[in-house]
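Data first, discussion second: the structure below is written as structure tokens.
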Number of protein chains: 2
Amino acid sequence: MGRTQTFETARVVRAALGVFWRSGYEAASVPALEAATGLNRSSIYHSFGSKRGLFDAAVQAYLDDVVRPRLRPLLADPVAPGAVVDYLTGLRAALVRPGEIQADSGCLLVNASGAPISRDDAVRQTVADYRAELRAALGRGVDARFPGRAESERDRLADLCTSLVVSAFALVRVDPHSAVGSLDSALMLLERPRS
Amino acid sequence: MGRTQTFETARVVRAALGVFWRSGYEAASVPALEAATGLNRSSIYHSFGSKRGLFDAAVQAYLDDVVRPRLRPLLADPVAPGAVVDYLTGLRAALVRPGEIQADSGCLLVNASGAPISRDDAVRQTVADYRAELRAALGRGVDARFPGRAESERDRLADLCTSLVVSAFALVRVDPHSAVGSLDSALMLLERPRS
DNA sequence: TAGTTTGTGTACCGACCGTTTCAGAATGCA
DNA sequence: TGCATTCTGAAACGGTCGGTACACAAACTA
């Protein structure tokens, strides 16, 4: 063997994620990635092959460290009846919290969806899969909240919530007020009729 | 006086709009804008001052030639009861039509919302105003469709439709199927109860 | 026709882009 | 200690970026 890696890959990827998240893939310059990660370009290219390789790693980190932890309660078995509402409430809070990266940069993947990088098939698939994952989780949450309702109605509701979350992410950067409004719309749809 | 302009400004701006729409502001290179408009950079800079100046003109053209014509029936007085449904149906058709720019590039302004250009205050305001204009028009449409319902309920419905349209635009590029699904969700919300 | 104003083409500016190369420093194993 | 392997720093690659300078062609007014 030879010398071992002195930096923690996970930490580096997380730092790169911040840059991609704030700037988008195209505008994230290699010097900016060097500065954020503390790595020289040489090390970056040695470890990740290309800017794109680092981006792909950052996307995985985004899914694993940001998206999925928030969705986890919706994947429990059984799902708590309040889990969907908790999810939306938590997201709402994040979008409102000043300085929070989700608040001023939205969602890495929703942003990618409207950017030039979206012309890449693999990225397109990743974003579509992300949406499907979100939809599936919200579906479980809706089922747990309204177990008595017809499946078609629960599906309709889950579709609506998914779209509302996407729309919130799409507009946070320019109009946080209506982004929060989208989530509030979703929360109203999930209200239980008075007993 | 001296020589007069030999090109039609409106045509040039429309050509530039196509480039910005497909590529986004940052990735729209000056050479690409030259090719699309048929103008030399010198003429572009003489007439519009900067790439950004041309972009601003393109945004106005987008609002005037693309957004507002589609919204026009919703601004009529009185609004036809079917106008909202027609709007959503027409948009749905455009998002499905292959080769249509809205189908493979979404909405210029929703895309801008997740891009680096969204850090510019003027652009932020423009996109927020665009959303407000869409919301207002859909609000009129919803009012015309359900004149008997309470105002709060009509507002809720208009908010939902607006978010659903935004979410459709946000994802067309990567997942046209669920984009259409968002519009279908909106159309279902607008169904009239059987008489 | 003379003079003035304005549009247009060519060439070039410095800056930055992502990527590659290569030498050397650092650390593992035998 | 010596070798092997890997990480790291510096420098340079060709290419493209948005923007500018300037000369000239064009077309209007008088």
Side-chain angles (χ1 to χ4, degrees), chain A residues 1-59 108 111-112 115-120 122-123, chain B residues 1-59 108 111-112 115-120 122-123:
Chain A
M1 294 294 290
R3 183 177 176 184
T4 53
Q5 193 175 263
T6 62
F7 58 88
E8 201 185 339
T9 302
R11 192 195 53 76
V12 164
V13 171
R14 236 178 292 121
L17 167 58
V19 177
F20 285 123
W21 198 344
R22 266 177 265 264
S23 311
Y25 175 75
E26 297 83 6
S29 71
V30 174
L33 292 167
E34 291 185 86
T37 59
L39 258 57
N40 190 279
R41 347 149 72 67
S42 142
S43 303
I44 292 179
Y45 278 84
H46 181 85
S47 301
F48 301 97
S50 63
K51 176 181 165 185
R52 175 59 191 276
L54 180 52
F55 177 73
D56 290 341
V59 168
L108 174 71
N111 293 347
I117 187 78
S118 72
R119 308 253 108 115
D120 178 284
V123 170
Chain B
M1 295 292 288
R3 182 179 177 182
T4 54
Q5 190 174 268
T6 63
F7 60 85
E8 200 184 338
T9 303
R11 192 194 54 75
V12 164
V13 172
R14 237 178 293 121
L17 168 57
V19 177
F20 285 123
W21 200 341
R22 265 177 265 265
S23 312
Y25 175 75
E26 297 82 7
S29 70
V30 175
L33 293 166
E34 292 184 84
T37 59
L39 259 58
N40 191 282
R41 345 151 68 69
S42 143
S43 302
I44 292 179
Y45 278 86
H46 181 84
S47 301
F48 301 97
S50 63
K51 176 182 164 184
R52 176 58 191 278
L54 179 53
F55 177 73
D56 290 341
V59 167
L108 174 72
N111 293 346
I117 186 79
S118 71
R119 308 253 109 114
D120 178 284
V123 169

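As the structure is a prediction and not an experimental result, all values here were calculated from the model. All heavy atoms count here, side chains included; hydrogens, waters and symmetry mates do not. Residue numbers start from 1 in every chain, and the chains themselves are labelled A, B, ... in the order their sequence lines are given, proteins ahead of strands.
Heavy-atom minimum distance, B:Thr37 versus B:Ile44: OG1-CD1, 4.1 Å. For A:Ala15 against A:Ala36, the heavy-atom pair with the smallest separation is CB-O, 3.4 Å. Here the shortest heavy-atom pairing between A:Ala57 and A:Val13 reads O-CG1, 3.5 Å. Smallest separation of non-hydrogen atoms from B:Ala112 and B:Ile117: O-CG2, 3.8 Å. The minimum heavy-atom distance between A:Pro116 and B:Ser23, with the atom names listed, is CG-O, 3.4 Å.
With DNA chain C read from its 5' end, the first of the two nearest nucleotides for A:Ser50 and B:Gln5 is the one closest to B:Gln5.
Rounded to whole Å, atom C1' of C:dT20 lies 14 Å from atom CD1 of A:Ile44. One interatomic measurement links the two molecules: CG of A:Leu39 to C1' of D:dG9, which rounds to 12 Å at whole-angstrom precision. As rounded to whole Å, 16 Å separates atom C1' of C:dG18 from atom CZ of A:Phe48. Protein atom OH of A:Tyr45 is 13 Å distant from nucleotide atom C1' of D:dC13, rounded to whole Å.
For the segment residues 11-20 of chain B, the set of residues with a heavy atom within less than 4.0 Å of an atom of DNA chain C is empty. For residues 26-35 of chain A, proximity to DNA chain C is found at A:Ala28, A:Ser29, A:Val30, A:Pro31, defined as any non-hydrogen atom under 4.0 angstrom from a strand atom.
Residues satisfying the side chain to side chain contact (heavy atoms under 4.5 Å, CB included) criterion with A:Ala35, sequence neighbours excluded, are absent altogether. Scanning for side chain to side chain donor-acceptor pair (under 3.5 Å) contacts around A:Ser42 gives an empty result, with sequence neighbours left out. Scored by the side chain to side chain donor-acceptor pair (under 3.5 Å) test, A:Arg41 finds A:Glu34 as partners (sequence neighbours excluded).
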Pairs under 3.5 angstrom only: tabulate donor-acceptor contacts from the side chains of residues 47-54 of chain A to other protein residues two or more places apart or in another chain.
{"unit_1": "A:Ser47", "atom_1": "OG", "unit_2": "A:Ser43", "atom_2": "O", "d": "3.1"}
{"unit_1": "A:Ser50", "atom_1": "OG", "unit_2": "A:Arg52", "atom_2": "N", "d": "3.4"}
{"unit_1": "A:Ser50", "atom_1": "OG", "unit_2": "A:Gly53", "atom_2": "N", "d": "3.0"}
{"unit_1": "A:Lys51", "atom_1": "NZ", "unit_2": "A:Tyr25", "atom_2": "O", "d": "3.0"}
{"unit_1": "A:Lys51", "atom_1": "NZ", "unit_2": "A:Glu26", "atom_2": "O", "d": "3.3"}
{"unit_1": "A:Lys51", "atom_1": "NZ", "unit_2": "A:Ala28", "atom_2": "O", "d": "2.9"}
{"unit_1": "A:Arg52", "atom_1": "NE", "unit_2": "A:Asp56", "atom_2": "OD1", "d": "3.0"}
{"unit_1": "A:Arg52", "atom_1": "NH1", "unit_2": "A:Asp120", "atom_2": "OD2", "d": "3.1"}
{"unit_1": "A:Arg52", "atom_1": "NH2", "unit_2": "A:Asp120", "atom_2": "OD1", "d": "3.3"}

Are any protein N/O atoms closer than 3.5 Å to N/O atoms in nucleotides 10-12 of chain D? If there are, list each pair with its distance.
none

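Looking at the side chain of A:Phe7, the nearest of the listed nucleotides D:dT8, C:dG18, D:dG19 is D:dT8.
The side-chain hydrogen bond (donor to acceptor under 3.5 Å, both in side chains) analysis of residues 7-21 of chain B, with sequence neighbours excluded, yields the pairs B:Gln5-B:Thr9.
Residues B:Phe20 and B:Val59 are not in side-chain contact: their nearest non-hydrogen atoms beyond the backbone lie 4.5 Å or more apart.
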